[in-house]
Each structure stands twice: as C-alpha cells, then as structure tokens.
Number of protein chains: 2
Amino acid sequence: MQLLEERIQQQGEIIGNDIVKVDMFLNHQIDVSLLNEIGKEFKRLFANENINKIVTIEASGIGIACIVAQYFDVPVVFAKKGMHRNVGNDIYAGEVFSFTKGITTQIGISRKYLGPDDHILIIDDFLANGGAVKGLCHIAEQAGATVEGVGICVEKGFQPGGKELRAMGLHVESLAVINSIENGIISFG
Amino acid sequence: MQLLEERIQQQGEIIGNDIVKVDMFLNHQIDVSLLNEIGKEFKRLFANENINKIVTIEASGIGIACIVAQYFDVPVVFAKKGMHRNVGNDIYAGEVFSFTKGITTQIGISRKYLGPDDHILIIDDFLANGGAVKGLCHIAEQAGATVEGVGICVEKGFQPGGKELRAMGLHVESLAVINSIENGIISFG
C-alpha cells in the first residue's frame with residue numbers, strides 16, 4: 001500500500017537496524033483518515049472471505065480494528081492483557097511472547113464473545129515474530145472459531161513471523177512489508 | 001442518549017450496587033455502529049468548541065476515540081500506561097488512581113504529540129471518580145494544551161468524578177448518567 005509506505009518513509013523513526021517507530025500516525029498519535037484508507041484496502045484484500053468479527057489485541061490494535069470493522073460491518077473483540085486462566089473459567093487464555101521485551105504476556109477473551117460460529121479477521125499494527133497473532137490463533141482454536149485472515153499494517157519481512165504464519169496456511173495480508181533497515185534507509189518488499 | 005441507555009439496560013451486566021459491565025458492546029466486544037452514533041452525538045454536543053485533537057487513555061478509550069474522531073476530522077492521541085517519568089524527558093507524565101482496583105497507574109503522552117496549539121476533547125468510556133480525566137488534564141496542563149471538553153459514554157452519577165470535573169469549569173458531557181443501581185435495577189439521570 002503505497003500511501004502507508006510513504007508515511008513510514010516520511011514519518012517513521014528509525015532506531016538501529018531493526019526498529020521503526022510509527023508513533024506519529026499509527027500507535028500513539030493516530031491518523032484516523034489513514035486508518036480509513038487501511039480499512040478500505042483490507043476490505044478489498046479480504047473481499048472473498050466470509051468475516052463476521054474482527055479480533056485484535058490491546059492496545060494499539062484497537063483503533064485500527066474499529067476503523068477497519070466499519071468496512072466489514074462487523075463487531076470488534078479485543079484480547080485483554082493480564083488475563084490469567086485462573087481469573088475463572090469464563091475466558092479463553094493465550095500467551096504472547098515478545099522477543100523485543102523478552103517477556104511473556106497473558107491475554108484473554110471472554111467465552112461470551114467468541115465461538116464456533118465466528119469467522120474472524122485478526123488485525124494488528126505490526127508483525128515481526130508473530131507472537132500476538134499466534135496467541136490470538138490459539139484463542140480462536142479453543143473457541144472453535146475460524147481464522148479467515150490476518151491483516152497487518154506493517155510486517156518486518158526480515159523477521160520470521162509472516163513466513164511462519166503463511167506456512168500454517170493462514171491468509172496473511174500485510175500492507176507494508178519492510179525488507180530491511182540499513183543505515184537509516186528503509187527498503188520495502 | 002436513549003440508544004446507549006437502552007443498550008445498558010438490555011446488555012449491561014450488573015454486579016452488586018455499584019458496577020455495571022458493558023463488555024458486550026463497549027469495552028471488550030465493541031459495537032462499532034453504536035460507536036458511530038456516539039460519535040455523531042459528541043459532535044452535536046461539542047459543535048461550538050474548537051477541537052483539533054481527541055485525547056484518550058489506553059485501552060478501552062481508544063476505539064471510541066477513533067470512531068468519534070471521524071466526526072471532528074482530527075487525529076487521536078492516547079496516553080500509554082506504564083510510562084514513567086524516568087523513561088526520559090520526552091513525555092508528559094501523569095497518574096491515574098483507580099478506586100476500584102486501589103492502585104495508581106503511571107500514564108504518559110509523548111511531548112511530540114501534544115502542545116500549546118492543541119485544543120483537545122478528552123474521550124473515555126466511564127467516569128466514576130474521575131481519575132483518568134484528571135490524569136489527562138494534568139498532562140494537558142504540562143503541554144500547555146486547552147481542554148475544550150470531556151466526552152464520556154457512561155457516567156456513574158452517584159460517584160463524585162463528574163461533579164468535581166464540572167466544578168473545575170470543564171465542559172463535561174456524559175451520554176448516559178447512571179443515578180443508581182439497586183436490586184438489579186439501573187436508574188438513569
């Protein structure tokens with residue numbers, strides 16, 4: 001998606017050779033008109049999938065998911081962090097391991113809001129090692145829900161998450177794929 | 001706002017005499033079409049304010065803020081939790097005390113995304129003791145930004161936050177004000 005790549009080039013903040021922060025327009029300050037263009041593009045890319053729910057994870061996925069959901073005319077459910085299985089039997093629990101932070105976070109979705117009738121599109125801002133998407137897929141599996149697709153704004157193509165998710169047979173669409181960040185220059189795939 | 005009151009009556013989950021959970025449509029599962037009606041209503045209520053940014057706090061405020069922002073045609077900035085002042089000098093820091101949980105949470109907004117030219121509308125899902133809004137006002141004050149209004153989905157009228165914020169001179173609009181929850185019956189103001 002050219003518009004998103006341009007914004008990353010113009011406003012992304014590069015840190016070293018593997019981090020680009022998009023705080024300016026995607027996950028701290030949020031350019032809602034850009035999110036609307038992202039929503040239209042995901043609708044085009046997943047037009048053939050039968051989707052009745054958007055699933056994401058707090059916090060930075062929520063805004064994107066809500067705007068995207070308007071183009072599918074479906075509700076959003078977001079996984080909450082810090083929900084342990086021992087909170088009760090009323091949640092589907094998963095884990096997300098963050099390579100960046102070196103920590104595992106517990107996530108959960110109430111059993112009331114995900115079930116065997118659900119055909120979901122998973123939405124997230126970034127895909128690097130795929131920890132968040134795998135955690136959400138594990139929750140979907142417990143619920144008997146079908147993952148119809150995975151829509152990502154920015155994929156780091158030089159990290160293994162995207163490859164692994166596609167090898168699992170998932171329909172993954174990333175609007176901008178970063179192939180490399182070298183000497184302050186971002187190359188897209 | 002009659003539509004929101006009806007949804008709270010129909011789908012709110014009452015716990016004791018002071019908690020109503022709206023997980024079904026507002027802050028776990030999200031009914032995006034309801035949020036659009038909420039966005040239109042806030043635009044009507046704050047039509048006379050000169051607003052150039054919506055400010056909220058993660059996580060449950062973000063989805064509401066993004067949909068509302070479409071009606072004002074402005075960006076969203078959300079305060080992040082767990083941001084301490086000692087992360088660096090590049091954030092405005094605040095604190096939110098939760099009476100429900102009995103804990104204080106550090107919040108922060110990057111100095112890059114809030115400043116003296118900003119005229120903000122603060123959006124949040126719930127207002128009870130006003131901790132979140134006061135924390136965001138403290139951040140706005142540091143940034144030199146003007147708080148033009150506070151838009152709340154559900155205010156607990158039997159808790160002091162709304163009264164205190166209005167006494168501070170803030171323009172607070174709550175779409176549903178719960179006066180009491182007694183024996184499983186919610187009364188609106």
Side-chain angles (χ1 to χ4, degrees), chain A residues 11 13 21 23-36 38-39 52-83 90-92 101 103 105 107-115 118 120 123 125, chain B residues 11 13 21 23-36 38-39 52-83 90-92 101 103 105 107-115 118 120 123 125:
Chain A
Q11 300 182 325
E13 186 187 341
K21 287 178 74 177
D23 273 8
M24 177 75 185
F25 55 93
L26 198 63
N27 48 25
H28 187 14
Q29 183 164 257
I30 302 172
D31 179 343
V32 177
S33 60
L34 176 67
L35 291 195
N36 271 286
I38 285 171
N52 70 347
K53 202 164 273 183
I54 307 268
V55 174
T56 188
I57 185 169
E58 69 172 47
S60 48
I62 300 173
I64 304 163
C66 283
I67 302 291
V68 170
Q70 296 180 128
Y71 295 91
F72 290 86
D73 200 17
V74 300
V76 170
V77 176
F78 66 89
K80 297 189 178 192
K81 290 180 180 169
M83 270 190 150
D90 58 343
I91 66 158
Y92 299 113
K101 297 177 188 167
I103 55 165
T105 303
I107 62 169
I109 288 181
S110 166
R111 286 173 183 260
K112 283 182 276 191
Y113 308 128
L114 206 60
D118 285 323
I120 69 172
I123 291 285
D125 55 346
Chain B
Q11 299 181 327
E13 187 187 340
K21 287 178 72 177
D23 273 9
M24 178 75 185
F25 55 93
L26 198 63
N27 48 25
H28 186 15
Q29 183 165 256
I30 301 171
D31 179 342
V32 177
S33 61
L34 176 66
L35 291 195
N36 271 287
I38 286 171
N52 70 346
K53 200 165 276 182
I54 306 267
V55 173
T56 188
I57 185 167
E58 69 172 46
S60 49
I62 299 174
I64 304 164
C66 283
I67 301 293
V68 171
Q70 295 179 130
Y71 295 91
F72 290 86
D73 201 17
V74 299
V76 169
V77 176
F78 66 88
K80 298 191 178 191
K81 290 179 180 170
M83 271 190 150
D90 58 343
I91 65 158
Y92 299 112
K101 297 176 188 166
I103 55 165
T105 303
I107 62 169
I109 289 181
S110 167
R111 286 172 185 261
K112 282 183 275 191
Y113 308 128
L114 206 59
D118 286 323
I120 69 172
I123 290 284
D125 54 346

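Below, chain A is the first sequence line, B the second, and so on; all start at residue 1. Computed from a prediction, not measured in an experiment: that's the story for all the values here.
Between A/Asn27 and B/Phe78, the closest heavy-atom pair is O-CZ, 3.1 Å. Taking both residues in full, the closest heavy atoms of B/Ala59 and A/Ala59 are given as CB-CB, 4.4 Å, listed atom of the first, atom of the second, then distance.
The parts of B/Ser110 that come within reach of chain A are both its backbone and its side chain, each placing non-hydrogen atoms under 4.5 angstrom from that chain. With a 4.5 Å cut-off on non-hydrogen atoms, B/Val74 touches chain A through its backbone but not through its side chain. At a 4.5 Å heavy-atom cutoff, B/Ile64 makes no contact with chain A through either its backbone or its side chain. Both the backbone and the side chain of A/Ile109 have a heavy atom closer than 4.5 Å to some heavy atom of chain B. Neither the backbone nor the side chain of B/Asp73 comes within contact range of chain A; no heavy atom of the residue lies under 4.5 Å from a heavy atom of that chain.
With a 4.5 Å cut-off on side-chain heavy atoms, B/His28 and A/Val76 do not count as touching. With contacts defined as side-chain heavy-atom distances shorter than 4.5 Å, the pair B/Ile30/A/Ile62 qualifies.
Looking only at atom types and distance, the side chain of B/Lys53 has a donor-acceptor partner in the side chain of A/Gln29 under 3.5 Å away.
Distance CD/A/Gln70 to SG/B/Cys66: 9.5 Å, rounded to 0.5 Å. Between the CD atom in B/Glu58 and the NZ atom in A/Lys81 there is a gap of 7.0 Å [rounded to 0.5 Å].
Of the listed residues A/Leu35, A/Asp31, A/Val32, A/Leu114, the one with more heavy-atom pairs under 4.5 angstrom with chain B than any other is A/Val32.
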